[in-house]
Amino acid sequence: MSSAGVRPLKRMTLNDPSRGYSSGRIVLQLDKHEEAHPSGDFERIVSVLHHSSRAAKGPGYLRIYQPSPTVAFSGRDTINPGFRRAAEAARERGFDPLRRPAGGRAVAYTQQSIIVDHIGVEDDPRRGATERFRANAETLALALRSLGIDAGIGAVAGEYCPGEFSIHARKAVKLVGAAQRIVKNAWLVSAVVQVGDHDQVSAVTSEVYRELGLDWDPATAGSVQAEVPQTTLTDVRTAILRAFEQQYDLRTSA
């Protein structure tokens, strides 16, 4: 699907005081920086998160990028007795095993994935954490629907890194997962959109989860391109940006 074939987005109303959001347009700095190594991606987002925490004010932050093949382990995964074996299984398949800055469970992705990192600054970032997850899911589901995907919100039974605010296609396969990290005065919601390579993601996830002793159903691993084969990474990125532009004032960072 070319960008010209992206369907119009329906207007959303997430910036509504009754839902915990300002009625004004919040400024987000759009970071277009590209890192040379996946560890640099995590280091960059952690640096921005802690800078936001110390500043305790200022605009939010948005980065949308294509990662290198990675299995991102949570802190909970790293204390699992099978973690070392799981990390080695990832390496053997060409994936870098790294600890991610947010929670959840291990998630695999490739260059055919898109990461969406969204940081906000608030006096009490623990308040509204659930609504934050929901708003993020609604924005990304809107983007996927504009591409012709039957996208919904909610966990698919047997999915990897299960979550209430996963985004599925046809209530059958998982397309997007998200995790959140909260620090003083700031928060991060990080989402992984699986655009392609779902067979590779499924294969490495099976090995990693086996070593971690975690259950999952490989049939639940989906991708945007499995739903709409002609869709490109550019199409998906454009749709995501358009969905965020409905809610925020996006400004490119220096």
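Heavy-atom basis, side chains included; hydrogens, waters and symmetry copies ignored. Since the model is a prediction, treat every value here as computed from it, not as a measurement.
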Note to self: Is the shortest side-chain heavy-atom distance between I240 and R242 below 4.5 Å?
What the structure shows: no
### Query
Hey, are the side chains of L175 and L144 touching, using non-hydrogen atoms and a 4.5 Å cut-off?
yes
By ring pair (Phe, Tyr, Trp, His ring centres under 6.0 Å), H168 pairs with (sequence neighbours left out) none
Fit a plane to each ring of F73 and F83, take the angle between them on a 0 to 90° scale, and name the class: parallel (under 30°), tilted (30 to 60°) or perpendicular (over 60°). perpendicular
Closest heavy-atom pair, Q66 versus Q111, reported as atoms and distance to 0.1 Å, is NE2-O, 3.2 Å
When you look at W187 and E122, which way does the side chain to side chain donor-acceptor pair (under 3.5 Å) test go after all the steps?
CA-CA 8 Å; W187 50 263; E122 294 185 23; 3.1 Å; yes
State whether the number of non-hydrogen atoms from other residues, nucleotides or ligands found under 6.0 Å of D124 atom CG is greater than 12.
yes
Neighbour count above 12 (heavy atom, 6.0 Å) for R170 CZ:
yes
Non-hydrogen side-chain atoms of Y61 and H118 separated by less than 4.5 Å: no
* Asked: Strictly under 6.0 Å, is that where the ring centroids of Y109 and H198 end up?
  -> no
Report task. For side chain to side chain donor-acceptor pair (under 3.5 Å), just list the numbers for E159 and S166, CA-CA rounded to whole Å, side-chain angles, deciding distance to a tenth of an Å, and then say yes or no. Result -> CA-CA 9 Å; E159 69 178 20; S166 296; 2.7 Å; yes
| said: In this structure, would V236 and L62 fall into the same cluster of hydrophobic residues linked by side-chain contacts under 4.5 Å? | reply: yes
Answer yes or no on whether R93 is positioned over the face of F95, meaning its NZ or CZ is under 6.0 Å from the six-membered ring centre and within 45° of the axis. no
_Trace of the side-chain contact (heavy atoms from CB on, under 4.5 Å) decision for F244 with L250_ = CA-CA 8 Å; F244 272 94; L250 300 186; 4.3 Å; yes
